[in-house]
Protein chains: 4
Amino acid sequence: MQREIRPLGRPRQDHQDKPTKAVILDVATQLFLDKGYQVVSMDDVAKKCGVTKATVYYYYKTKSDLFTDAMVQMMLRIKKRIFDILSTEKPLKDRLFEFAKAHLQATFDMDINGFMKEAKASLSNEQLQQMKQAEDKMYEVLEQALTASMEKGEIPRGYPKLGAHAFVALLTVGNFKDAEHKPIFLSLDEMTEQIVDFYWNGIGN
Amino acid sequence: MQREIRPLGRPRQDHQDKPTKAVILDVATQLFLDKGYQVVSMDDVAKKCGVTKATVYYYYKTKSDLFTDAMVQMMLRIKKRIFDILSTEKPLKDRLFEFAKAHLQATFDMDINGFMKEAKASLSNEQLQQMKQAEDKMYEVLEQALTASMEKGEIPRGYPKLGAHAFVALLTVGNFKDAEHKPIFLSLDEMTEQIVDFYWNGIGN
Amino acid sequence: MQREIRPLGRPRQDHQDKPTKAVILDVATQLFLDKGYQVVSMDDVAKKCGVTKATVYYYYKTKSDLFTDAMVQMMLRIKKRIFDILSTEKPLKDRLFEFAKAHLQATFDMDINGFMKEAKASLSNEQLQQMKQAEDKMYEVLEQALTASMEKGEIPRGYPKLGAHAFVALLTVGNFKDAEHKPIFLSLDEMTEQIVDFYWNGIGN
Amino acid sequence: MQREIRPLGRPRQDHQDKPTKAVILDVATQLFLDKGYQVVSMDDVAKKCGVTKATVYYYYKTKSDLFTDAMVQMMLRIKKRIFDILSTEKPLKDRLFEFAKAHLQATFDMDINGFMKEAKASLSNEQLQQMKQAEDKMYEVLEQALTASMEKGEIPRGYPKLGAHAFVALLTVGNFKDAEHKPIFLSLDEMTEQIVDFYWNGIGN
DNA sequence: TATGAATGAGTGTTCATTCAT
DNA sequence: TATGAATGAACACTCATTCAT
């Protein structure tokens, strides 16, 4: 976890290392996703990066800045991933299946709402806005894929925005575990299939 | 709870002489739902109750105890409400519609997942277990209604557990607002209708 | 310096002790006068009181609150002292002499200006106002004594406000030490006499 | 100090190509006078100079070095200014008037005492000594003018050192503002005149 | 000459928790 | 039953200083 102990001053340029700022962002993203905004301290981030708190502050002026950047970058990456999966020429249902599977494997809940509520008190309006916009863009990619399929007659006409949100919402079902830690379906494949089937019916097929 | 002599007439906000413990629990529930576990301090709860922190500790040994109790009680109440709505003789779709509408009007996201993640680090296993069980029970009520309807042939046979979770998941879509604070559908009624329709298709009708 | 180590919780009421809040205020006053606002940390105050920082915060919500209270109370005390000295029936010059001597013995520079500049950035407008007002009241006492003496014909008519400030300003001369730590006059008595004589001429006698 | 190519015409705030070290010293002097030692950070100085902190450290080994140099240089300049004003052939009272007016216009309190107290904890003995000596020299100029006037019989014999300090002390009265921001006299000219008159009486005329 | 990256030691402040009364 | 006084551990953030380049 800890890289080596670092001497004062500028470190000799070690060109293999990821730049510190990137390390911090990655570690922060992971920690925030894992535990939420409030629970993660700047010291936690720093320690896991093998640097001091002051170094983190060298790159990010406040904790909320770090959080906002982490979340926005993450949503951009997800948007890209969704886009890549949905851009192929396969039938929509197959693409949705792939997307669902990829998402469910990644384990984490794309529970942006929950995050936002928790962090709300600590974020500036501008920061909230930035995050909201990144979130919107994520959904838009999915929405556009649905719209395209509707136009091609692949699925019945309907509300693509509802469709996009419904799909993501249904995915969260895949992460549910009951008090005995049992998920709804035992295998990931079955889980995915059932969710996509459900969705496929939902949009009117 | 000793109170000083007070002028005649209706006391202003005096929690209607509910026992102190109940006042604390209510206030805490509301605060936790509003702002999340970490953000709410025992002092916040105390102040909003008009008592001192020490009094809160008199009734609840720790913050996580208070939280657990607040959440469990709330889920029990919700379970009861779901049960009441689903127990009538109307067709399932109508009952679902009513449930959805009641839920969406209540505004708050039944985002237990999010809460749990945030509080996880601070809760004992036993407390997590208690909450999980209360959550399970909530879903079970819905599950049973679905099972009953399947048996009556009102809806096609399927996975009632998936059905229950899918329904609640879809409801969260109703709370979405984009960066310009616009929801997916402008009216609550249309929102509800579209979600229930989607769901109704989803379960195979 | 450190009183005893204190156990958690409320201490047994030790009726001989000054109340903690008073101890804190006294210690803080002394430290602030000695070293200035910025240099004194809340921890410094706490340690010198034999309590923890959190205890200091129990009584004073912020450092600037503590500072403001400390300075205002001090100025009130000084005002009272000035008033007592100046209220006797002796000739004005004798009263001024007494005041001067008392003041110079107290060593500290009533250098409110300097303090204010240093603390300015950290104080709220209201706090600055409070301090300014306390300062004004201090000067007023002296001013009134001068006005009274003018009316009695004891000293020539002039500007009592200027007279009040001039006197206090001249007193600061008594605290001067050169690079070899030598004051202007070797004995306190001569210092006082010369300053008062100077002042006495200044106001036109 | 390398600067990029720049459009023709007068550069905006570019410190007129003064050597970097001089820019730093000037900026630091102004900041320290304005806000005091502790409040001003090396970063503040650097930013206001348009260089980085490291550059400031290139020229001044520590913050206290920078402070000491800034203050000493400033006192030398003031000494020179006093000297220039007091060296003319006009009557002493006129020269004092001129000096007073120049000083009061400059607004800033020559409150070296206050500064020293604040910075004391952070300065080495040697640095304190340097500052003290520069201060002494400032007063000496005034002292010598007084001595000369005494020898010429222009003013009664007395204590020139007291006279020098008294004069400077009285000047601080000119900077006083009460809680409503009102000075003792409304016009600068009257202020100056009254102070000089007071002083003139004080030294025995 | 000048800088970017990093640190270590603080600083003000908050908060869950404790305990004598 | 309820509270006032106190604590200890943390937390976000700052700053003087260092050093390889």
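Convention: sequence-line order gives letters A, B, ...; per-chain numbering from 1. As a basis for the values below, the full set of heavy atoms in this structure was taken, side chains included, without hydrogen atoms, waters or symmetry mates.
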Please tell me if D:Thr20 has a side-chain N or O lying less than 4.0 Å from either OP1 or OP2 of E:dA2.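 True: D:Thr20 side-chain N/O within range (under 4.0 Å) of E:dA2 OP1/OP2.
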Phosphate oxygens OP1/OP2 of E:dA2: is one of them under 4.0 Å from a side-chain N or O of D:Tyr59? yes
Atom pair distance, as rounded to whole Å: [atom1] in [X] and [atom2] in [N]:
{"X": "A:Tyr37", "N": "F:dC11", "atom1": "OH", "atom2": "P", "value": "13 Å"}
{"X": "C:Phe32", "N": "E:dG12", "atom1": "CZ", "atom2": "C1'", "value": "12 Å"}
{"X": "C:Lys47", "N": "E:dT11", "atom1": "NZ", "atom2": "P", "value": "8 Å"}
{"X": "C:Asp43", "N": "E:dT13", "atom1": "CG", "atom2": "C1'", "value": "12 Å"}
{"X": "B:Ile24", "N": "F:dT3", "atom1": "CD1", "atom2": "P", "value": "9 Å"}
{"X": "A:Asp44", "N": "F:dA12", "atom1": "CG", "atom2": "C1'", "value": "12 Å"}
{"X": "C:Phe67", "N": "E:dG12", "atom1": "CZ", "atom2": "P", "value": "13 Å"}
{"X": "A:Met42", "N": "E:dG10", "atom1": "CE", "atom2": "P", "value": "21 Å"}

Taking the six-membered ring of A:Tyr58 as reference, does the cationic atom of A:Lys21 (NZ for Lys, CZ for Arg) lie under 6.0 Å from its centre and within 45° of its axis?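 No - A:Lys21 does not lie over the ring of A:Tyr58 by the 6.0 Å and 45° rule.
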Taking the six-membered ring of B:Tyr37 (Phe, Tyr or Trp), confirm whether the NZ or CZ of B:Lys63 is under 6.0 Å from its centre and within 45° of its axis.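 Ring-cation test returns yes.
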What does [X] touch in the nucleic acid at a heavy-atom separation under 4.0 angstrom: a base, only the sugar-phosphate, or nothing?
{"X": "D:Val56", "answer": "nothing"}
{"X": "C:Thr55", "answer": "base"}
{"X": "D:Val39", "answer": "nothing"}

With a 3.5 Å cut-off and no angle check, do the side chains of D:Asp69 and D:Gln130 form a donor-acceptor pair?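 Checked: D:Asp69/D:Gln130 side chains show no N/O donor-acceptor pair below 3.5 Å.
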Less than 4.5 Å apart, any side-chain heavy atom of [X] and any of [Y]?
{"X": "A:Met131", "Y": "A:Met75", "answer": "yes"}
{"X": "D:Leu33", "Y": "D:Phe115", "answer": "yes"}
{"X": "A:Phe67", "Y": "A:Val40", "answer": "no"}

Please name the residue in the list C:Ile24, C:Thr29, C:Val51 that meets the side-chain contact (heavy atoms from CB on, under 4.5 Å) test with C:Val45.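 In the set C:Ile24, C:Thr29, C:Val51, the residue that makes a side-chain contact (heavy atoms from CB on, under 4.5 Å) with C:Val45 is C:Ile24.
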Secondary structure of DNA chain E per the Watson-Crick/G-U criterion (both distances under 3.5 Å; [ ] crossing, | other strand, . unpaired) is .||||||||||||||||||||
To the side chain of A:Ala54, which of F:dA12, F:dA16, F:dT14 is closest? F:dT14
Candidate nucleotides F:dC15, F:dA6, E:dC15, ranked by approach to the side chain of B:Ser41 - the nearest: E:dC15
Does a side-chain N-to-carboxylate-O contact under 4.0 Å join B:Asp44 and B:Lys35? no
Of C:Lys21 and A:Ser64, whose closest DNA chain F nucleotide lies nearer the 5' terminus? C:Lys21
On DNA chain F, compare the nucleotides closest to C:Thr52 and D:Tyr57; which residue's is nearer the 5' end? C:Thr52
Is there a donor on the side chain of C:Lys53 or the base of E:dG12 sitting less than 3.5 Å from an acceptor on the other?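 Pair found.
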What about D:Lys61: does its side chain form a donor-acceptor pair under 3.5 Å with the base of F:dT17?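 Checked by distance alone, the answer is no.
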